[in-house]
Each structure stands twice: as C-alpha cells, then as structure tokens.
Amino acid sequence: MVALSVILFPPLLIAFLLVMERVEEPLRRPASPREVSEFLSTATPGEVDTLASSGIRRALFRWRRRRGKRGTTTNPPMV
C-alpha cells in the first residue's frame, strides 16, 4: 500500500497542479480601465448589486454575458 502511494502521489500532484493552473488563468487577467469605465456607465442595477456583493470579476462576467446576448461588440478589448 505504501509503495502504491509513493508511485501514484507524484502523477496525481502534477495533474492537480495542471488543473489548478487552468482554473487560475482567467483570474490572473485583469480588467482593462476602459472596460471598467464602460461597465460603470452601462451597468444595470442587478450588476451593480453583484459588484457590491461579489466583486468586480463576477459583475464584469454578468455584464459581458448581457452584452454578448445583445450582440454589440463595439470597442473590442486590445490585447
């Protein structure tokens, strides 16, 4: 049992680290100042409530999703 643990632990640890890297990648990308100012000028009351309760990332996610449904793609993000 110990030998099996010694053999399986490193590959499982590496797999976990790779999964966590994919999870953290979107969190490392900051929102641009232009995007934040556009959010603040066009946000709905529900999105402002989300900003107050959950933070800017979740509020921007809701805002981007609403903007995507509307079909407007003015000012695409500069990368």
Item to complete: Rounded to the nearest 0.5 Å, what's the gap from CG on L12 to CG on L17? Could you check?
Response: 11.0 Å

Item to complete: Examine the side chains of W63 and T50 and answer whether a donor and an acceptor come within less than 3.5 Å of each other.
Response: no

Practice prompt. Taking all heavy atoms of A59 and all of E47, pick out the closest pair and write down the distance.
Written response: CB-O, 3.7 Å

Item to complete: Mind checking the OG1-CG spacing from T44 to D49? Nearest 0.5 Å is all I need.
Response: 8.5 Å

Practice prompt. Drop me the distance from F39's CZ to R66's CZ, to the nearest 0.5 angstrom.
Written response: 8.5 Å

Discussion item. For the CZ atom on R58, are there more than 12 heavy atoms of other groups (residues, nucleotides or ligands in this structure) within a distance under 6.0 Å?
Written reply: no

Worksheet entry | Rounded distance (nearest 0.5 Å) linking atom CD of E35 with atom CG of L40 | 11.0 Å

Worksheet item: Would you say the side-chain atoms of E25 pair up with the backbone N or O of R22, donor to acceptor, closer than 3.5 Å?
Response: no

Worksheet item: What closest approach, in Å, do R62 and G46 show between heavy atoms, and which atom pair accounts for it?
Response: NH1-O, 3.1 Å

Discussion item. So, using salt bridge (charged side-chain N to carboxylate O under 4.0 Å, His left out) as the criterion, who are the partners of E24 when residues are at least two apart?
Written reply: R28

Worksheet entry | L51 and L60, any side-chain heavy atoms less than 4.5 Å apart | no

